[in-house]
Participant: 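Take a look at the following structure, please.
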There are 2 protein chains.
Amino acid sequence: MAVSGKSGDSEEMCPYRLVLEHVTSRWGVLVLIELLERPYRFSELRRAVNAYGGRGVSEKMLTQTLQTLERDGLVHRDAKPVIPPRVDYSLTGLGCEAAERVRGLAQWTEDRMGDVERARAAYDERRRPHEEAREIQSRAS
Amino acid sequence: MAVSGKSGDSEEMCPYRLVLEHVTSRWGVLVLIELLERPYRFSELRRAVNAYGGRGVSEKMLTQTLQTLERDGLVHRDAKPVIPPRVDYSLTGLGCEAAERVRGLAQWTEDRMGDVERARAAYDERRRPHEEAREIQSRAS
DNA sequence: CGGTATCCCGTCCGATACTG
DNA sequence: CAGTATCGGACGGGATACCG
């Protein structure tokens with residue numbers, strides 16, 4: 001156990017790169033952005049993250065992500081001792097600083113999506129390995 | 001081929017999340033930061049990225065990362081038709097904008113590393129499941 | 001040098017079952 | 001509801017061999 005967040009944690013590397021990988025991890029990004037809005041309960045957060053489309057986060061990965069971010073001091077976990085259990089997650093001051101930068105980056109990708117898609121179209125066009133002289137064929141018959 | 005960058009590309013999701021994952025991918029982050037400094041040749045870039053410690057990037061993954069970023073219009077690839085081959089990589093205007101934000105985030109993790117490490121120590125302490133009364137044992141013998 | 005193609009192992013992560 | 005434990009498939013990504 002004592003999960004970390006991404007891959008090569010076992011190897012030695014400058015420690016801040018680990019934090020960076022936690023923060024930029026697939027689900028870390030979305031969790032931070034959502035928590036910047038307001039505190040969330042576990043399942044609520046899961047639903048919010050899954051609303052982004054694609055295949056959503058599993059309970060396991062959400063737990064793992066939250067634990068990593070909590071350990072790094074970015075997320076605060078408030079477990080109320082009631083039945084049924086209720087756990088609220090929120091950003092710490094530190095986490096808020098990180099989340100703002102992450103949201104900025106996400107916002108940027110959203111804003112520039114048009115440019116990116118045009119670049120992709122151009123790239124794909126440039127690489128297409130000559131596929132003409134096909135409808136000329138079919139016309140001849 | 002036509003590699004993407006991370007996992008669930010095959011699934012449908014809001015397209016900007018894909019770009020975000022490319023930009024925040026393990027090697028994408030470091031490549032963007034390095035290219036913000038100056039243009040690099042392939043192997044030179046590989047060495048620069050590997051200088052971050054840990055297990056470095058393989059040729060394959062660097063190629064993959066650069067192709068993805070080039071396709072998204074963030075990186076410019078300049079292949080000079082000489083022998084031996086020489087290929088220079090640099091940021092486009094778009095890529096520069098992205099890289100600046102990524103570098104900001106990386107810089108933040110570096111600056112706040114102290115806080116993070118203190119939070120981790122506290123977290124680990126809090127969780128240590130009572131490991132006293134051990135040296136008392138060894139003393140008794 | 002700067003790739004591409006192929007193989008294949010380690011890890012991530014989803015599915016499932018169980019606890020408080 | 002909010003987890004923890006375990007298993008197994010999928011895929012990220014390293015090693016190697018080979019082109020221009």
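Each chain gets a letter, A, B and so on, in the order its sequence line appears, and its residues count up from 1.
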Participant: With sequence neighbours excluded, what pairs up with A:E110 under the side chain to side chain donor-acceptor pair (under 3.5 Å) test?
Facilitator: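 None.
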Participant: Identify, with sequence neighbours excluded, every residue that meets side chain to side chain donor-acceptor pair (under 3.5 Å) alongside A:Y52.
Facilitator: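 If we apply the side chain to side chain donor-acceptor pair (under 3.5 Å) test to A:Y52, skipping adjacent residues, the hits are A:E34.
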Participant: Who are the side chain to side chain donor-acceptor pair (under 3.5 Å) partners of A:W27, not counting sequence neighbours?
Facilitator: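 With sequence neighbours excluded, A:W27 shows a side chain to side chain donor-acceptor pair (under 3.5 Å) to no residue whatsoever.
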Participant: Apply side chain to side chain contact (heavy atoms under 4.5 Å, CB included) to B:P15 and list each qualifying residue two or more places apart in sequence or on a separate chain.
Facilitator: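 Listed in chain order: A:M113, A:E117.
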Participant: Go through the structure and list residues passing salt bridge (Lys or Arg N to Asp or Glu O under 4.0 Å) with B:E59, not counting sequence neighbours.
Facilitator: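 Here no residue qualifies.
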Participant: Take the C1' atoms of the five end pairs on each side of the helix from C:dC1-D:dG20 to C:dG20-D:dC1, derive the two axes, and give their angle rounded to 10 degrees.
Facilitator: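 For the helix from C:dC1-D:dG20 to C:dG20-D:dC1, the axes at either end differ by 40°.
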Participant: Holding to salt bridge (Lys or Arg N to Asp or Glu O under 4.0 Å), I want the full list of residues that pass it with B:R120, two or more places apart in sequence or in another chain.
Facilitator: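 B:R120 satisfies salt bridge (Lys or Arg N to Asp or Glu O under 4.0 Å) with A:D72 once adjacent residues are dropped.
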Participant: B:H22 NE2 to D:dG12 C1': how many Å, rounded?
Facilitator: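 Answer to the nearest Å: 14 Å.
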Participant: With B:R17, which residues qualify under salt bridge (Lys or Arg N to Asp or Glu O under 4.0 Å), at least two apart?
Facilitator: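 Per chain and number, B:R17 pairs via salt bridge (Lys or Arg N to Asp or Glu O under 4.0 Å) with B:E21.
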Participant: Kindly write out the residues that satisfy side chain to side chain donor-acceptor pair (under 3.5 Å) with B:D78, not counting sequence neighbours, or none if the list is empty.
Facilitator: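 B:D78 satisfies side chain to side chain donor-acceptor pair (under 3.5 Å) with no residue once adjacent residues are dropped.
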Participant: In whole angstrom, give the distance that lies between atom CG of A:D78 and atom C1' of D:dA2.
Facilitator: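 It is 14 Å, rounded to the nearest whole Å.
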Participant: Could you check how far CG of B:L62 sits from C1' of C:dT4, rounded to whole Å?
Facilitator: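 In whole Å, C:dT4 C1' lies 14 Å from B:L62 CG.
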Participant: Using a 6.0 Å distance limit plus a 45 degree cone around the ring axis, check whether A:R46 lies over the aromatic ring of A:F42.
Facilitator: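 Negative - A:R46 is either too far from the ring of A:F42 or too far off its axis.
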Participant: Assign a letter to each nucleotide of nucleotides 14-20 of chain C from its 5' end: B, base within under 4.0 Å of a protein heavy atom; S, sugar-phosphate only; -, no contact.
Facilitator: BB----B
Participant: Is there a residue in residues 34-50 of chain B whose heavy atoms reach under 4.0 Å of DNA chain D, and which residues are they?
Facilitator: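 By residue number: none to list.
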Participant: Starting from P on C:dG2, measure out to CZ on B:R77 and report it in whole angstrom.
Facilitator: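 That distance rounds to 10 Å.
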Participant: Using the salt bridge (Lys or Arg N to Asp or Glu O under 4.0 Å) criterion, which residues pair with A:R118? Sequence neighbours excluded.
Facilitator: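 So A:R118 forms no salt bridge (Lys or Arg N to Asp or Glu O under 4.0 Å) with any residue.
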